[in-house]
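First up is the structure itself, then whatever we jot down about it.
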Amino acid sequence: MSAPARRLLIIHNPVAGRRRRGLIGRVVDALRQGGADVAVVETTGPRDAERLAGLAASGALTDGRIPDAIVASGGDGTINEVVNGLLAAPTLSPPGPRLIPLGLIPLGTANVLAAELDLPSGAAELARTLAGAVPRTIHAGRANGRLFTMMAGVGLDAHVVEGVDPGVKRRIGKGAYVLESLAQIARWPSPRYRVITTDAAGHVREHEAASCIVAKGHFYGGRFVCAPDARLDEGGFHVCLFEAGGRLAALGYGAALVTGRLARRTEAKGGLGYRVMPAVRVRIEGPVGDPVQGDGDTIARLPVDMETAAPFRVLAPPLRPVSRLP
């Protein structure tokens, strides 16, 4: 006996995915041809995806019927909003918002969570995943109350995220981050950040860094690797410390990241001043009001406290073991 067709509520950001125009239509067509019950609602501005996800979890967008899954159609920022809305929704019994799986139709510039989950890129394959994948449990992080799914960062990358022009980003995609990175490095004042980590055994350590990325997964900015051992299905974080300051160090870190050498230098003597360590809680202090980026958007201001949030489920292939780099 075949399983009943899923009821899917898709929250679509119409501004995202101009370079992948038409993908959502092809996915919806494939889902409906396969028998799925699909409803699509569009966002109208910032934080609207979060609001819609909260409503969807209560059935308010589908005549009182709770969807079998809520699908975020957009970039990493849209996904982040949907996750925040889904996990903040009032508890229902049954099924409760945290039991409603999240599906993805990745349309953004980096699509980091989709890459981490090894989601297919074709419309037919995405439709099959949304219609039939067994939900997998993953863990989000929380920064000053705001959830993030892949990473949160302070320092240079947070200033780049905050400084990127949305119009330039829509026109040239990842190139907008390259241009903003060069502009930020040219005027970077090299502040220092105090990073306080607490590990699973309760040991508290203090570190100083020029920048810091708190990772939930091993991909960063697309398919670049910062934390090779990080896994979404595990609680806690992998804290990436960029210890050396200054413009030359920032350029060196960037070059090592894009050439795949950054994660291989964590233990190298005389290396880049880069370390990765596990933690269950993180506090970062620095210039008060400095931005904290999460999943490619500004989600908080310093000082910031981070912890693992409640787990939730995603429609995705089984998570593969991450490769341990030599």
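In what follows, every heavy atom counts, from backbone to side chain, and hydrogens, waters and symmetry copies are set aside.
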Gap separating the [atom1] atom of [X] from the [atom2] atom of [Y], nearest 0.5 angstrom:
X: S211; Y: R192; atom1: OG; atom2: CZ; result: 9.0 Å
X: I213; Y: Y220; atom1: CD1; atom2: OH; result: 4.0 Å
X: L104; Y: L315; atom1: CG; atom2: CG; result: 8.0 Å
X: T149; Y: L113; atom1: OG1; atom2: CG; result: 4.5 Å
X: E162; Y: D157; atom1: CD; atom2: CG; result: 11.5 Å
X: N13; Y: T44; atom1: CG; atom2: OG1; result: 10.0 Å

Under 4.5 Å between any side-chain heavy atoms of [X] and [Y], yes or no?
X: I172; Y: L179; result: yes
X: V276; Y: C226; result: no
X: L156; Y: I185; result: yes
X: T62; Y: R7; result: no
X: D199; Y: R205; result: yes
X: V314; Y: P101; result: no
X: I10; Y: V41; result: no
X: M306; Y: V292; result: yes

Inset, instruction - Measure up the F148 and F237 rings against each other and bin them: parallel (under 30°), tilted (30 to 60°), perpendicular (over 60°). - result: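 Aromatic pair F148/F237 classed parallel.
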Legend entry - Side-chain donor-acceptor contact under 3.5 Å, H218 with E116: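 Distance-only check passes for H218 and E116.
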Legend entry - Modelled atom types, side-chain donor and acceptor of D76 and N80, under 3.5 Å: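 No donor-acceptor contact under 3.5 Å links the two side chains.
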Report yes or no: does [X] contribute a side-chain atom to a donor-acceptor pair with the main-chain N or O of [Y] at less than 3.5 Å?
X: D233; Y: I138; value: no
X: D165; Y: V168; value: yes
X: Y253; Y: A244; value: yes
X: K216; Y: G236; value: yes
X: R223; Y: F219; value: no
X: R32; Y: V38; value: yes
X: N111; Y: G108; value: yes
X: D37; Y: P67; value: no
X: E125; Y: P120; value: no

When you group the ILVMFWY residues by side-chain heavy-atom contacts below 4.5 Å and let the links chain together, are [Y] and [X] in the same group?
X: F224; Y: V178; value: no
X: V40; Y: V27; value: yes
X: I299; Y: L232; value: no
X: V225; Y: M277; value: no
X: V160; Y: L241; value: yes

Inset, instruction - Answer yes or no: does atom CZ of R47 have more than 12 heavy-atom neighbours from other residues, nucleotides or ligands under 6.0 Å? - result: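 No, not enclosed.
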Legend entry - Pairs where residues 284-295 contributes a residue and the test salt bridge (Lys or Arg N to Asp or Glu O under 4.0 Å) is met, not counting sequence neighbours: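 Non-adjacent pairs meeting salt bridge (Lys or Arg N to Asp or Glu O under 4.0 Å): R194-E285, R283-E285.
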Quick one: closest heavy-atom pair of [X] and [Y], and the distance?
X: P311; Y: T137; value: CB-CG2, 3.6 Å
X: L130; Y: G103; value: CD2-CA, 3.7 Å
X: P317; Y: L119; value: CD-CD2, 3.8 Å
X: I100; Y: A69; value: CG2-CA, 4.0 Å
X: A53; Y: I70; value: O-CD1, 4.0 Å
X: L23; Y: S121; value: CD1-O, 4.2 Å

Legend entry - Salt-bridge present (D29, R26; N to O < 4.0 Å):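 No, this pair does not count.
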Inset, instruction - Could you tell me whether R275 and E208 have a side-chain N and a carboxylate O separated by less than 4.0 Å? - result: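 E208 and R275: not salt-bridged.
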Inset, instruction - Let me see the working for R281 and D305 under side chain to side chain contact (heavy atoms under 4.5 Å, CB included), right down to the final yes or no. - result: CA-CA 7 Å; R281 289 188 299 279; D305 292 289; over 6 Å; no
Inset, instruction - Could you walk me through whether K169 and Y177 pass the side chain to side chain contact (heavy atoms under 4.5 Å, CB included) test, one step at a time? - result: CA-CA 8 Å; K169 179 181 173 183; Y177 290 97; 3.1 Å; yes
Legend entry - Centroid-centroid distance, Y274 to F242, less than 6.0 Å: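 Ring centres of F242 and Y274 closer than 6.0 Å.
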Inset, instruction - Identify which one of V195, T197, I284 satisfies the side chain to side chain contact (heavy atoms under 4.5 Å, CB included) criterion when paired with V214. - result: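 Considering V195, T197, I284, a side chain to side chain contact (heavy atoms under 4.5 Å, CB included) with V214 is found only for I284.
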Inset, instruction - Could you tell me which residues satisfy side-chain hydrogen bond (donor to acceptor under 3.5 Å, both in side chains) with S73, sequence neighbours excluded, listed by chain and number? - result: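 Scan of S73 (side-chain hydrogen bond (donor to acceptor under 3.5 Å, both in side chains), adjacent residues dropped) gives H12.
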